[in-house]
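A short worksheet on the structure shown next.
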There are 2 protein chains.
Amino acid sequence: MASRNPVGPVQLRIPKAAELIAAHLRQRIVSDDLSEEDPLPPESNLMQQFSVSRPTLREAYRILESEGLITVRRGAHGGARVHKPRPDVAARYAAHVLQSQGARLKDVFDAREVLEGAAIDLLGPKPSKAGLERLREINLRGQDLEHDLLTALEIHHEFHRALVDMAGNLTVSLLRNMIDIILEAATERHVANAGGNEEQVSSRKAQRTHVKLVELMEQGDLPAAGRLWRAHLSDSAKIVLATANSALDVTI
Amino acid sequence: MASRNPVGPVQLRIPKAAELIAAHLRQRIVSDDLSEEDPLPPESNLMQQFSVSRPTLREAYRILESEGLITVRRGAHGGARVHKPRPDVAARYAAHVLQSQGARLKDVFDAREVLEGAAIDLLGPKPSKAGLERLREINLRGQDLEHDLLTALEIHHEFHRALVDMAGNLTVSLLRNMIDIILEAATERHVANAGGNEEQVSSRKAQRTHVKLVELMEQGDLPAAGRLWRAHLSDSAKIVLATANSALDVTI
DNA sequence: GGGGATTTGTCCGTATGTATT
DNA sequence: TAATACATACGGACAAATCCC
């Protein structure tokens with residue numbers, strides 16, 4: 001078998017000391033060797049441990065901080081504390097790629113429809129009792145007409161998330177979550193201006209659809225549930241797309 | 001309407017100078033104000049521009065470097081050069097989240113099936129001539145039996161990517177691409193050990209499926225194409241899952 | 001409440017290595 | 001080959017924030 005990289009002057013990227021330290025600590029965090037809220041040793045300690053100067057160590061700190069993997073506090077008993085990687089960081093980078101590719105907002109909505117629609121298919125013919133109970137509980141809260149629009153919207157979001165989580169696929173849940181975070185950031189202005197009668201009406205309509213969906217799932221009519229849900233997603237996207245900019249413009 | 005954040009001692013995270021500089025430059029990069037391969041001014045220049053010292057500026061450099069948004073070269077006419085955000089960085093962070101959540105490899109394969117299956121549905125009844133031509137061209141190269149297994153595998157990957165790109169949804173393409181990068185990293189060992197007769201056979205079989213898919217699409221039988229493709233994805237996943245570890249373990 | 005100890009944030013100066021001319 | 005330009009890295013210093021007594 002011929003070598004795929006025959007000879008050629010290979011451009012070697014020499015990794016910098018800060019990168020190596022960040023990679024080392026990152027690996028310990030994602031592999032659960034370091035847990036949430038675990039403190040890192042003081043800078044002076046780590047400087048000795050890695051045999052680097054303070055500026056170099058601090059560069060590593062900034063890398064991990066930008067990835068949300070540590071937070072640093074000053075003062076006595078301060079220092080760096082460890083955090084688990086969060087979906088919104090992944091969403092931020094995905095949003096950067098999309099924005100620099102000139103993606104349109106409709107693309108992102110369509111992707112949400114793909115993921116949430118597929119999640120229902122993944123449920124199979126027999127949705128779990130516990131999952132359905134969870135959805136019912138959320139819908140019960142959503143029925144409360146005392147809520148303001150923002151609270152109602154948050155409950156709606158919770159329903160969408162719980163529905164996808166029922167499918168039991170962490171990857172699909174993560175991707176949907178990322179899309180949700182991007183959409184929330186991209187439509188922030190739209191939502192902030194919402195408050196008119198139109199929004200009230202569509203919120204009530206969405207709530208009714210959520211109830212109807214659970215009914216269909218209880219009856220075991222998953223195909224109908226899938227159709228209803230996809231239509232619901234398409235409708236809610238249309239409402240936003242009617243007034244929002246076509247191009248994706250988002251800062252997370 | 002009641003305030004959602006009444007009074008309370010709000011934890012204020014004071015952004016560090018390096019973060020602010022990185023955020024500023026990042027925004028200029030993703031918004032296309034700075035283009036691929038554009039040089040950044042020399043450090044001394046930026047130090048004046050942002051009124052910060054060299055260590056602070058260097059921390060900002062490390063942040064952007066870890067995000068793949070700049071590369072820095074030493075020597076005369078060196079300095080920082082701008083790059084567009086790349087999908088593999090987004091994939092890296094998504095992989096971190098999944099790994100720390102204890103996701104299983106099967107989850108990721110299933111997510112691939114969801115995305116690629118949906119892509120065919122998005123094509124609609126009339127796939128574009130140009131897209132079909134592209135797929136045929138890739139298949140033509142795939143027919144060449146002189147290729148070694150790795151080359152054949154790469155052509156297969158190209159087919160999958162081209163198929164999803166035909167759907168014309170940048171978001172779905174990105175998500176699929178991310179999944180692909182994660183899977184490639186997670187099954188690296190498995191692929192490296194491939195070379196036996198079994199792999200030869202399954203590679204040929206995959207190639208035949210790719211040809212068959214294009215035929216079905218040309219005939220306008222998209223439902224059959226969708227079924228065939230989902231089965232193909234499921235089969236190829238099973239082969240890897242039979243020998244690979246169940247837990248997702250990946251370093252990108 | 002105040003003072004001291006601890007720890008990070010920022011800065012300066014300097015030496016070293018490397019790539020271009 | 002030598003000179004130049006630039007980034008890499010180190011050490012030391014002071015300022016600012018935070019906690020404990």
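Residue numbers begin at 1 in each chain, while the letters A, B, ... track the order of the sequences.
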* Asked: Say you draw a straight line from CD of B/Glu65 to CD of A/Glu19; how long is it, rounded to the nearest 0.5 Å?
  -> 5.0 Å
* Asked: With a 4.0 Å cut-off on heavy atoms, is A/Ala80 in touch with a base, just the backbone sugar-phosphate, or nothing at all?
  -> nothing
* Return the value, rounded to whole Å, for the distance between atom CD of A/Glu59 and atom P of D/dA7. => 13 Å
* To do: Let me know the distance between CG of B/Leu40 and C1' of D/dA7, rounded to the nearest Å.
  => 14 Å
* Asked: Considering only C/dT10, D/dA16, D/dC10, which nucleotide approaches the side chain of B/Ala17 most closely?
  -> C/dT10
* With a non-hydrogen cut-off below 4.0 angstrom, is B/Gly79 in contact with a base, only sugar-phosphate, or nothing? -> sugar-phosphate
* **Electrostatic pair B/Asp88:B/Arg92 at N-O distance under 4.0 angstrom** => no
* Ion pair present between A/Lys16 and A/Glu59, side-chain N to carboxylate O less than 4.0 angstrom? -> no
* Position toward the 5' end of DNA chain D (nearest nucleotide), A/Met47 or B/Arg74 -> B/Arg74
* **Residue met sooner reading DNA chain D from 5', once A/His77 and B/Pro55 are mapped to nucleotides** => B/Pro55
* Rounded to the nearest angstrom, tell me the gap between atom CG in A/Leu57 and atom P in D/dT8. => 17 Å
* For A/Tyr61 and C/dT10, give me the distance from atom OH to atom P, rounded to whole Å. => 15 Å
* Do B/Arg54 and C/dG13 share a donor-acceptor pair, side chain to base, under 3.5 Å? -> no
* Asked: Hey, is the side chain of B/Arg73 poking within less than 4.0 Å of OP1 or OP2 on D/dC6, counting only N and O atoms?
  -> no
* **Whole-Å distance separating the CG atom of B/Asn45 from the P atom of D/dA5** => 16 Å
* Asked: Expressed in angstrom and rounded to an integer, what is the separation of A/Glu43 atom CD from D/dG11 atom P?
  -> 14 Å
* Verify the contact: side-chain N or O of B/Thr56 to OP1 or OP2 of C/dC11, cut-off strictly under 4.0 Å; return yes or no. => yes
* Structure fact -> Taken to the nearest whole Å, CD1/B/Ile70 to C1'/D/dT8 is 14 Å
* Between B/Arg134 and B/Asp165, is there a side-chain N and carboxylate O pair less than 4.0 Å apart? -> no
* Report the C-alpha distance between B/His96 and B/Tyr93 in whole Å, list the side-chain angles of each, state the deciding distance to 0.1 Å, and finish with yes or no for ring-ring contact (aromatic ring centres under 6.0 Å, His included). => CA-CA 5 Å; B/His96 289 161; B/Tyr93 287 98; 5.8 Å; yes
* When the distance from CD1 of A/Ile21 to P of D/dA9 is rounded to whole Å, what number comes out? -> 9 Å
